[in-house]
Amino acid sequence: MGIGFRTMEASDILASIELWKTMKGLAIRGSDNIRDLTDHVNMNRKHNFVAVSEKQIVGTVLGGFDGRRGYIYHLAVKQGFRKKGIGKELMERCFRSFKEINVSKCHMMVLKDNAEAQDFYKKIGCELRTEILVFSKNL
Ligand SMILES: CC(C)(COP(=O)(O)OP(=O)(O)OC[C@H]1O[C@@H](n2cnc3c(N)ncnc32)[C@H](O)[C@@H]1OP(=O)(O)O)[C@@H](O)C(=O)NCCC(=O)NCCS
């Protein structure tokens, strides 16, 4: 099973949404629509990646840069392709892309009940922040 990695293009978005829909652990929101995601990909061209097997998208990660920090969204690896290093490779590519523009820290938000993702992030060297709460506001 050969896996290729490349940056995400706008034309990958539909297949990525279909992949995310199959997954527990990912919070799919109203902003996960083609228009908003195309804006995201175009504004963060170097920070979004896909893993591909036989022309099929089997992994994704969205990276966003806000001018200070990097943010990671929608890290996902298709069932059947997990525990083969694909998630780690997607994250490493995203981290490298941030480092190249001198971003010194990035954040990832994880649902409280998503123990798998928490274990994964710990395994790849991310620190759990217990002193921060996230507030959000719909605009
Ligand atoms: C989390 C996820 C992306 C991991 O992808 P993956 O390709 O299976 O991860 P990798 O194979 O690269 O694993 C990297 C390391 O993490 C470990 N790991 C991966 N999944 C794990 C799990 N569920 N529990 C414990 N450790 C795990 C691997 O064993 C590996 O450790 P090693 O380097 O010592 O062997 C995948 O499980 C997934 O898509 N989950 C559903 C979507 C999701 O929750 N996304 C995160 C949203 S915040």
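Both counts, for ligands and for their atoms, begin at 1 and track the order of listing.
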Distance in Å, M109 CE paired with L111 CG, rounded so as to fall on 0.5 Å steps: 10.5 Å
Output the distance between atom SG (C106) and atom CZ (F65), rounded to the nearest 0.5 Å. 11.5 Å
For the side chain to side chain contact (heavy atoms under 4.5 Å, CB included) test, which of H47, H107, M108 pairs with Y71? H107
Quick check on ligand 1: any N or O pairs to the protein under 3.5 Å? One line per pair.
| from | atom 1 | to | atom 2 | distance (Å) |
| --- | --- | --- | --- | --- |
| ligand 1 | 7 (O) | G87 | N | 2.8 |
| ligand 1 | 8 (O) | K83 | N | 2.7 |
| ligand 1 | 11 (O) | K83 | N | 3.4 |
| ligand 1 | 11 (O) | K84 | N | 3.1 |
| ligand 1 | 11 (O) | G85 | N | 2.8 |
| ligand 1 | 12 (O) | G87 | N | 3.3 |
| ligand 1 | 12 (O) | K88 | N | 2.8 |
| ligand 1 | 34 (O) | K123 | NZ | 3.3 |
| ligand 1 | 39 (O) | V77 | N | 2.7 |
| ligand 1 | 39 (O) | V77 | O | 3.3 |
| ligand 1 | 44 (O) | N114 | ND2 | 2.7 |
| ligand 1 | 45 (N) | L75 | O | 2.7 |

List the residues meeting ring-ring contact (aromatic ring centres under 6.0 Å, His included) with F5, not counting sequence neighbours, and say none if there are none. none
Applying side-chain contact (heavy atoms from CB on, under 4.5 Å), can you list everything that pairs with M23, at least two apart in sequence or on another chain? L19, L26, A76, R82
Salt bridge (Lys or Arg N to Asp or Glu O under 4.0 Å) filter on D32, not counting sequence neighbours, yields none
